[in-house]
Amino acid sequence: MRRVLIVAIVALYSMALLCAFMPELLGGWTTYYMYFIAAILLVHVAELGLFFKYVKKYPGSLVLSIFLTIIFGFLHWLPYKNKG
């Protein structure tokens, strides 16, 4: 299930990149879609502050963990919370 959600997030971000370079793709909905993606990213940044103790548990670099949290949110840090 986690992988399905990650693929869905990547698809949303890919669509946002396409909309950024080809705004006619979604027509009048492009602006709303970009606001939606911006809101998702802002929520993930807030998650970073709230759950930083789990973000730090990532075995790789802290910078990579922060980046992954901003992109994927709880899909990245939740497994480290469950590990103890």
Hydrophobic clustering (ILVMFWY, side-chain heavy atoms < 4.5 Å, transitive) - are [Y] and [X] grouped together?
{"X": "Leu50", "Y": "Phe72", "answer": "yes"}
{"X": "Ile40", "Y": "Leu18", "answer": "yes"}
{"X": "Tyr35", "Y": "Leu17", "answer": "no"}
{"X": "Leu64", "Y": "Tyr13", "answer": "yes"}
{"X": "Ile37", "Y": "Leu42", "answer": "no"}

Are the side chains of [X] and [Y] in touch, meaning some heavy atoms are under 4.5 Å apart?
{"X": "Ile70", "Y": "Ile66", "result": "yes"}
{"X": "Leu26", "Y": "Met15", "result": "yes"}
{"X": "Leu25", "Y": "Tyr33", "result": "no"}

To the nearest 0.5 Å, tell me how far [X] [atom1] sits from [Y] [atom2].
{"X": "Met1", "Y": "Leu75", "atom1": "CE", "atom2": "CG", "value": "9.5 Å"}
{"X": "His76", "Y": "Ile6", "atom1": "NE2", "atom2": "CD1", "value": "10.0 Å"}
{"X": "Ile71", "Y": "Ile9", "atom1": "CD1", "atom2": "CD1", "value": "9.0 Å"}

So does Phe52 have more than 12 non-hydrogen atoms from other groups sitting under 6.0 Å from CZ?
->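 Enclosed.
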
Heavy-atom closest pair, residues Thr69 and Val55 =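 Distance-wise, the nearest heavy atoms are OG1-CG2, 3.5 Å.
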
Considering all heavy atoms, the nearest Arg2-Pro79 contact =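 For Arg2 and Pro79, the tightest heavy-atom pair comes out as NE-CG, 3.8 Å.
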
For side chain to side chain contact (heavy atoms under 4.5 Å, CB included), just list the numbers for Ser65 and Lys56, CA-CA rounded to whole Å, side-chain angles, deciding distance to a tenth of an Å, and then say yes or no.
-> CA-CA 7 Å; Ser65 185; Lys56 289 191 303 187; over 6 Å; no

Tyr80 and ring pair (Phe, Tyr, Trp, His ring centres under 6.0 Å): which partner among Phe51, Phe74, Tyr58?
->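 Checked Phe51, Phe74, Tyr58 against Tyr80; only one passes ring pair (Phe, Tyr, Trp, His ring centres under 6.0 Å): Tyr58.
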
Geometric class of the Tyr54/Trp77 ring pair [parallel <30°, tilted 30-60°, perpendicular >60°] |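 Ring orientation, 0 to 90° scale: parallel.
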
Test item: Thr30 side-chain N/O and Pro23 main-chain N/O as donor-acceptor pair under 3.5 Å =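 A pair under 3.5 Å: yes.
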
